[in-house]
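Take a look at the structure below.
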Amino acid sequence: MSEIPVYPPSPEFVQRAHVKGMAAYRDLYERAKQDPPAFWADIARKELTWFKDFNQALEWEAPFAKWFTGGKINASYNCLDRHLATPRKNKAAIVFEGEPGDRRFITYQELHRLVCRFATVLKNRGLKTGDRAIIYMPMIPELPVALLACARLGIIHSVVFGGFSAEALKARIEDLGATVVITADGGWRRGKEVRLKDAVDESLKEAPQVRDVIVFKRTGSSLEMKAGRDHWWHDLDAELSKDPQTEAAAERCPAEPLDSEHPLYVLYTSGTTGRPKGVLHTTAGYVLQTMMTMKWVFDLQEDDVYWCTADIGWVTGHSYIVYGPLAAGATCVMYEGAPDYPAFDRFWRIIEKYRVSIFYTSPTAIRAMIRQGDQLPNSHDISSLRLLGSVGEPINPAAWDWYHRVIGKGRLPIVDTWWQTETGAIMISPMPGATPLKPGSGTLPLPGIIADIVDSKGEPVGENREGYLIIRQPWPSMVRNIWGDPERFKQQYWSRVPGCYFTGDAARQDEDGYFWVLGRVDDVMNVSGHRLSTMEIESALVHHPSVAEAAVVGKPHEITGQAVCAFITLKRGDWNHADLGKELRQWVAKEIGAFARPEEIRFTDALPKTRSGKIMRRLLREIVTTNAVTGDVTTLEDLSVVAKLSSQHDED
Ligand code: WT7
């Protein structure tokens, strides 16, 4: 076995850090472990601004948790209003760069004004606490404005990533029972317009409960506005300025005092069935833990310029572009477009231009950059950087080394942050002023997080053994339920090991207690750090008139970690495989979104199945792993032999 290098934090970093050295981490961790709810209650009182103090830290009727019951609070207030009484009021909250190069600098004071105005717009449309809003927007400042305006009134928001198709959007609008859709004409990606409003129109053909569509003008291209239903954001906003009193009132729109457990948002994520799950997050605990991890993991200081490259359509953007950083009073860079547009140095140009000090991205992005060579980052002054982060998938040693050497100049700490849509906030990660790093390991759990690795019977596996990663104690930003499906919530996360949260990841803990996350143990793929369900893509494929059966597996991919590979058996007919391959890829893009499009389609006469008729994805995974074919391909192969063989020998 090769020796794993260890990188302790530099003395200069430790000196400035919030948590200085391993002894300080251990002290914090041990203190939290003795009584996690008491630990969290203590910091909740210190770090959040409450309208009314809570009575109890945690009410736990497994698997249903209620944190900080009896308290009244508002997420938007904690992200905005409370900073206005401090010197932060004139600090940039958002530094925005659009893909075409347009820029906006929005202070906390100005962001507060924009959020209050838009909250008033929503109120004027008759929306109120408990209503649901779907948000389908490009990465422009009005996206966080929309989130925070909803949060201000207690409207439950659900952001749908702009890459999802009209079909996927429709399914989410229906499941949530949304009455309003907030969108834009479009956004910019690789110099082209992504037309969002068209997809909204398509998705609303049969959705009578949606009364209002509010459209922000971003690209200015022509579109249809349906009278009575569709309104321009700027028209509704202009109505607020009709007289000074109305305007002043709109700009002071008070934040509703909401219960700690008031639903903040629902975010749909892929599960092990064809239907996405609406992961429900609530208010106080979520804001607390996303904010605390900004300090613990990103060591956020008052003068930092922080940039997370995720899209707000995914959980990373919710927690680490909007709620965590704004609650912590950070200056956040926000970028609309693609990392390779107009050239592959866009990231480094942005870091140079805004003097970014904390940079948080995905291993997929890093691997794509490696391919472009060192000269691109080397030709920019990126010396403002002091901390690097990684999220979404395990980071391979080669990518870690390059990130450390070329971007970090061999001296910056890298925080490899393990968490999930369901955990809401970072759970396992180095504290950069304390934890010695090992490339590829998320290192140790954060204070208040009791993680373990167990076998299929729920018994701890011990040192250096592979097993299931579980969390033993409730934590404040944990998923509270699956929207409209408590049974699935119980079954999915809480049935394997009683009272413990089942992450769906395999992991190993080394002799220093460091966690090494190995990947998913269920039928969930990780493509570019985005979660995709094999079942969801399969069910899209079998809707196509030519397809008899479909089996989807993830195959290793040099850049995106995994890529989607679909095995297909066809109904009787005379098919042109090359054309049909193209058509089926397009079909998946239409049903789910372009990012779910299979990279590879393989036609076969039979799929390997167990005697009870279950498709053996494990075998297919082996096939795609051993004979790696790259690029969009369509092949025909005879799996009938394997199929026959396996049906005789394997019943797993
Ligand atoms: C799954 C969660 C959390 C934000 C983005 C993805 C994998 C995530 C790491 C990491 C190894 C990681 C896990 C996890 N994952 N971060 N640092 N090291 N694996 O959110 O779509 O909910 O996916 O991503 O497999 O279960 P998500």
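Order of listing sets the numbers, starting from 1, for every ligand and every atom in it. Note that the structure is predicted; figures quoted are calculated from it, not measured.
Side-chain atoms of Thr421 and Tyr268 form no donor-acceptor pair, as typed in the model, at a separation below 3.5 Å.
For ligand 1, the protein residues placed under 4.0 Å by at least one non-hydrogen atom are Val315, Thr316, Val391, Gly392, Glu393, Pro394, Asp416, Thr417, Trp418, Trp419, Gln420, Thr421, Asp505, Val517, Arg520, Asn526, Gly529, Arg531.
Legend: residues meeting salt bridge (charged side-chain N to carboxylate O under 4.0 Å, His left out) with Asp455, ordered by chain and number and at least two apart, are absent. Remark: Asp505 engages Trp418, Gln420, Leu469, Thr503, Val517, Arg520 in a side chain to side chain contact (heavy atoms under 4.5 Å, CB included) (not counting sequence neighbours). Listed by chain and residue number, nothing satisfies the salt bridge (charged side-chain N to carboxylate O under 4.0 Å, His left out) test with Glu536 (two or more places apart in sequence, or in another chain).
In this structure, the ring of Phe164 has its center no less than 6.0 angstrom from the ring center of Tyr136. Taking the six-membered ring for Trp, Trp307 and Tyr360 have ring centres at least 6.0 Å apart.
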